Amino acid sequence: MAACVDFGGKLSYISPPLFLSRVAHQDDNIAEILRDLGLLTRGQIEAARASADEEGLLAELVKQGVVSEEDIVRALASQNSMEFVDLGDTHVEKSVIDLIEADDARRYHALPLAVRDGVLVVALDDPMAMQRMDDLTFKLKREIEFVCSTPEAIRKLIIKHYGSADDASSELLKTMSSGPSFGGDEDDADEEGDEGDAPIIKLVSMLLLEAHTNRASDIHIEPLESKLRVRFRIDGVLQEMQSPPRRLHGAIISRLKIMSRSMSIAEKRLPQDGRIQIRVGDKGIDLRVSTIPTVRGESVVMRILDKTSLMLGLPDLGFLSDDQAKFEQCINLPDGIILVTGPTGSGKTTTLYGSLNYMNKPDRKLITVEDPVEYQMNGINQVPVNTSIGMTFPAALRSILRQAPNIIMIGEIRDHETASIAVNASLTGHLVLSTLHTNDAPSAIARLVDIGVKPFLVSSSVRAVVAQRLVRRLCPKCKIPSELTEYEMHALQIDAAQIGEAHVMRPHGCEACRGKGYKGRMGIFEMFIVDDEVRHMINNNESTIALRQRARELGMRTLREDGVRKVLAGMTTAEEVISTTMSDLD
């Protein structure tokens, strides 16, 4: 992430992350290469390993002056049969510079040098950056010869030929509206806009904009011993981004607290929570901010809540047509409890909101009780829990039943009192939607009984349980045909007959998905419908295993089996389904 910060009174470019940080996971292998080339001894390696911090072995060797970054790049270039180029006095023609756009040069840390016999020569700062090489080749659609040089030399020439990143930052900032909107009055917004030229404000705005552009769901800002680490969670996977200098940590945290307007910048010893509302273009974005003190300063996590995700239809969530029909039938019932289960981060809340969006019609009154209210929806009465003043889940539920709702959503059933009120509400003519933390759908029955709900009440109230997980969705623009390996077929229990009409695909990477091959996520589901025989089994306190066997007889597909259907349809990959459903033994 390029950003603007204050260095001696002027705006300057933040250099890309050190090459060392990108290859830290291969420290040991690279150290052995350097030793084989005679640049290191075994003793030097062990001494550096003993004193290395979280930045890694190579960073410690450079810090001690045993080797330089150039030594490491040269060694890896030799190992990968790539030419190393000293860029000290290099002059590049403008016609060559124009072959790669400024944004791509900064993103890939790539510098075009020349065209030889129709082949474009491009310098990279990492001889092992195969993904970047593939991305550039695909993007430019021409033959490229890659050479390498030091990160610092490439950085200087990018600034020389493309200018500092300040210009790019300013252009990006123009896509944002007149500044963060906090839901206050207009005078407050105008006052906030007056500050917009301060470098730290631009930096934080750029951070939020970059996260939104990359479709991140979370932003993590973590102070380490010698650097400030910024990571985005994109499609469920944490990815380290380019980070501002460590010394700006305090200023960034203070700026975020000021934007939330509910957090104290003076309090650094206790955890705090807040909320930030901004606009990017015409889109409203909510950020749920959480800080916690660590030994090296306050760590911040911001959950990005994009209101446009509320408009997702059930197919967008990942339901295939037959499961969607079953689910729609369940949420159209006049009463009963519909439960969505799964671990934290499995998309339960998104499924509930998608269901509410589907049911939000003028002839129905919907009320939710949430801790906190993550998305604000038109046409729905949303009640936030506030335990500090006694507004707990049970207290809120007792009150909203007097509001005569048709449909009630409870953020989570956590205790006996909440569960009892939910059951009573369902038995008195209300449809109740809620979540539980269980690994599969049939286990939700045992969980309710463990909480203290009598089995006969569980059997009378629960209509269906949906367990779910999230898998990454293949980018529709660049996915390419593939075949399953023997291991994948065995792990997913796929036979040759299923392969016959399958459309198995694998990730490739393009500009639309930023070279990852995946774009967005979708659910895989396990739907447990409670019929009369299952009710009888619940009343008899039969085991979860017996309930699961009955559910399978009724046609319930396991999470893994639903995932297999989506693998064979070319929607996701076998690797995603296997890693997400490791506990699925069926």
Side-chain angles (χ1 to χ4, degrees), residues 235-236 309-333 338-342 346-359 433 435 439-442 444 463-477 479 481-482 484 488-489 491-495 497-507 517-531 548 551-581 583-584 586:
D235 294 336
S309 63
L310 300 180
M311 306 310 293
L312 290 177
L314 297 180
D316 299 317
L317 297 175
F319 284 104
L320 296 178
S321 57
D322 53 348
D323 281 342
Q324 180 180 334
K326 289 181 184 178
F327 190 69
E328 287 179 358
Q329 184 178 4
C330 291
I331 60 179
N332 280 317
L333 293 172
I338 311 296
L339 294 172
V340 181
T341 75
S346 59
K348 301 187 297 296
T349 301
T350 302
T351 298
L352 286 182
Y353 275 111
S355 303
L356 290 177
N357 186 53
Y358 172 83
M359 297 184 290
L433 282 71
T435 68
N439 289 330
D440 60 8
R463 298 287 183 264
V465 183
V466 179
Q468 72 175 70
R469 300 290 189 275
L470 291 178
V471 295
R472 288 186 291 175
R473 191 190 298 264
L474 282 166
C475 175
K477 292 189 176 181
K479 61 183 181 181
S482 181
L484 295 174
E488 290 170 339
M489 292 186 64
L492 297 177
Q493 299 180 3
I494 298 175
D495 56 39
Q498 291 175 282
I499 292 294
E501 298 181 0
H503 301 281
V504 179
M505 310 293 279
R506 66 177 175 86
Y518 296 94
K519 189 173 183 181
R521 290 188 290 176
M522 64 180 174
I524 55 174
F525 302 95
E526 180 176 279
M527 298 192 63
F528 177 35
I529 308 297
V530 178
D531 68 351
R548 187 171 183 81
R552 299 282 279 140
E553 291 171 4
L554 292 171
M556 182 189 81
R557 278 184 290 268
T558 66
L559 290 165
R560 179 162 288 190
E561 288 170 345
D562 190 46
V564 166
R565 292 201 301 165
K566 290 162 184 173
V567 170
L568 298 180
M571 302 167 70
T572 187
T573 61
E575 180 184 9
E576 282 290 299
V577 174
I578 292 170
S579 62
T580 307
T581 60
S583 61
D584 194 340
D586 285 347

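Being a predicted model, the structure only gives us computed values, none of them experimental.
Side-chain atoms of Asp235 never come within 3.5 Å of backbone atoms of Arg472 as a donor-acceptor pair (strictly under, hydrogens ignored). Remark: side-chain polar atoms of Arg560 are paired, donor with acceptor, to backbone N or O of Thr581 under 3.5 angstrom. Using modelled atom types, one side-chain atom of Ser579 and one backbone atom of Glu576 make a donor-acceptor pair closer than 3.5 Å. In this structure, Lys566 contributes its side chain and Gly318 its backbone to a donor-acceptor pair below 3.5 Å. The backbone N or O of Ala441 lies less than 3.5 Å from a partner atom in the side chain of Glu526, making a donor-acceptor pair. Remark: side-chain polar atoms of Lys479 are not paired, donor with acceptor, to backbone N or O of Gly517 under 3.5 angstrom. Between the side chain of Lys348 and the main chain of Gly342, a donor-acceptor pair closer than 3.5 Å is present. No donor-acceptor distance shorter than 3.5 angstrom exists from the side chain of Glu328 to the backbone of Ala325, with no hydrogens or angles considered. Under a 3.5 Å cut-off, the side chain of Asp562 and the backbone N or O of Phe525 do form a donor-acceptor pair. Between the side chain of Gln468 and the backbone N or O of Gly347 there is at least one donor-acceptor pair closer than 3.5 Å.
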Criterion side chain to side chain contact (heavy atoms under 4.5 Å, CB included) on Glu488 and Ile578, from CA distance to verdict: CA-CA 8 Å; Glu488 290 170 339; Ile578 292 170; 4.2 Å; yes
side-chain hydrogen bond (donor to acceptor under 3.5 Å, both in side chains) between Tyr518 and Thr572, intermediate numbers included: CA-CA 8 Å; Tyr518 296 94; Thr572 187; 6.0 Å; no
Step-by-step side chain to side chain contact (heavy atoms under 4.5 Å, CB included) determination, Ile331 to Met359: CA-CA 8 Å; Ile331 60 179; Met359 297 184 290; 3.9 Å; yes
Working for side chain to side chain contact (heavy atoms under 4.5 Å, CB included), residues Ile529 and Leu554: CA-CA 8 Å; Ile529 308 297; Leu554 292 171; 5.8 Å; no
Working for side chain to side chain contact (heavy atoms under 4.5 Å, CB included), residues Thr558 and Arg552: CA-CA 8 Å; Thr558 66; Arg552 299 282 279 140; 3.8 Å; yes
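Note that CG of Leu474 is 9.5 Å distant from OG of Ser482, once rounded to the nearest 0.5 Å. Here Leu317 contributes atom CG and Leu352 contributes atom CG; the two are 10.0 Å apart, rounded to the nearest 0.5 Å. In this structure, Thr580 OG1 and Leu559 CG are separated by 9.5 Å, a value rounded to the nearest 0.5 Å.
Arg473 is not listed as a side-chain neighbour of Arg521, based on a closest heavy-atom distance of 4.5 Å or more. For the pair Asn332 and Phe327, the minimum side-chain heavy-atom distance is 4.5 Å or more. Between Pro481 and Val504 there is no side-chain heavy-atom pair separated by less than 4.5 Å. Contact annotation: the side chain of Val577 never approaches that of Arg469 to less than 4.5 Å [non-hydrogen atoms, C-beta and beyond]. Between Val530 and Arg463 there is no side-chain heavy-atom pair separated by less than 4.5 Å. Side-chain contact between Val466 and Leu339 is absent, with no heavy-atom pair separated by less than 4.5 Å. Taking the side chain as every heavy atom from C-beta outward, Leu484 and Val567 approach each other to under 4.5 Å. Side chains of Ile499 and Leu568 form a contact here, defined as non-hydrogen atoms less than 4.5 Å apart.
Here the closest non-hydrogen pair linking Ser355 and Leu433 is CB-CD2, 3.9 Å.
Asp322 and Arg565 are joined by a salt bridge, as a carboxylate oxygen and a charged side-chain nitrogen come within less than 4.0 angstrom of each other. With salt bridges taken as basic N to acidic carboxylate O contacts below 4.0 Å, one links Asp323 and Arg557.
Under the side chain to side chain contact (heavy atoms under 4.5 Å, CB included) rule, Val465 has a single partner from Val340, Thr341, Ile338, which is Thr341.
Atom CD of Glu575 is surrounded by 12 or fewer heavy atoms from other residues, nucleotides or ligands within 6.0 Å.
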